[in-house]
Amino acid sequence: GSDDASTSQLRPTQGTFLESFSKEASTAPADFDVKDRWKVVIPANILHISIGPVYAFSMWTPGITTSLGVVGSAPLDWTHSEILPVFSAAAVTLGITTSVLGDWVERSGPRK
C-alpha cells in the first residue's frame with residue numbers, strides 16, 4: 001500500500017543522474033570477473049596523482065616562497081603573487097577538464 005508508494009518515490013528513475021548513486025550502479029554484477037578489478041588500479045592512481053597537487057598546493061607554498069631564504073624570503077625568492085597564477089591555472093584547468101570529460105568518463109568508465 002502506502003509503503004510501496006513512499007519507497008518508489010525515493011528510488012531514482014532509470015536514466016537520471018541520481019541513478020548513478022544507486023547500489024546497483026556502484027556494485028559489480030554477480031558474473032563480474034574478479035581479475036578485471038585490477039584494470040582500474042593504475043588509472044585510479046594516475047587520477048589521484050593528477051588531482052592531488054591542486055589540493056596540496058598550499059602545503060608547497062611556504063617551501064616555494066622561501067626556497068633560497070630557507071627560514072624567511074630572500075630577495076630572489078618567488079612571492080605569493082608570482083606563484084598564485086600557477087595555482088589558479090591548475091584549478092581552472094582541473095575544473096574545465098572535469099566538466100568537459102565528466103560525461104565521457106561516465107559513458108566509458110571501467111564498468112562498461
Is there any side chain to side chain donor-acceptor pair (under 3.5 Å) pair reaching into residues 64-78, and which pairs are they, with sequence neighbours excluded? Ser67-Asp77
Hydrophobic clustering (ILVMFWY, side-chain heavy atoms < 4.5 Å, transitive) - are Leu68 and Ile64 grouped together? no
Give every donor-acceptor pair under 3.5 Å between a side-chain atom in residues 42-58 and any protein atom, sequence neighbours left out.
{"residue": "Asn45", "atom": "ND2", "partner": "Val41", "partner atom": "O", "Å": "2.9"}
{"residue": "Ser50", "atom": "OG", "partner": "Ile46", "partner atom": "O", "Å": "3.3"}
{"residue": "Ser50", "atom": "OG", "partner": "Leu47", "partner atom": "O", "Å": "2.8"}

Would you be so kind as to tabulate the donor-acceptor pairs closer than 3.5 Å made by side chains of residues 92-101, with sequence neighbours excluded?
{"residue": "Thr93", "atom": "OG1", "partner": "Ala89", "partner atom": "O", "Å": "2.7"}
{"residue": "Thr97", "atom": "OG1", "partner": "Thr93", "partner atom": "O", "Å": "2.6"}
{"residue": "Thr98", "atom": "OG1", "partner": "Leu94", "partner atom": "O", "Å": "3.0"}
{"residue": "Thr98", "atom": "OG1", "partner": "Gly95", "partner atom": "O", "Å": "3.0"}
{"residue": "Ser99", "atom": "OG", "partner": "Gly95", "partner atom": "O", "Å": "3.3"}
{"residue": "Ser99", "atom": "OG", "partner": "Ile96", "partner atom": "O", "Å": "2.9"}

Rounded to the nearest 0.5 Å, what's the gap from OG1 on Thr61 to CE on Met59? Could you check? 9.5 Å
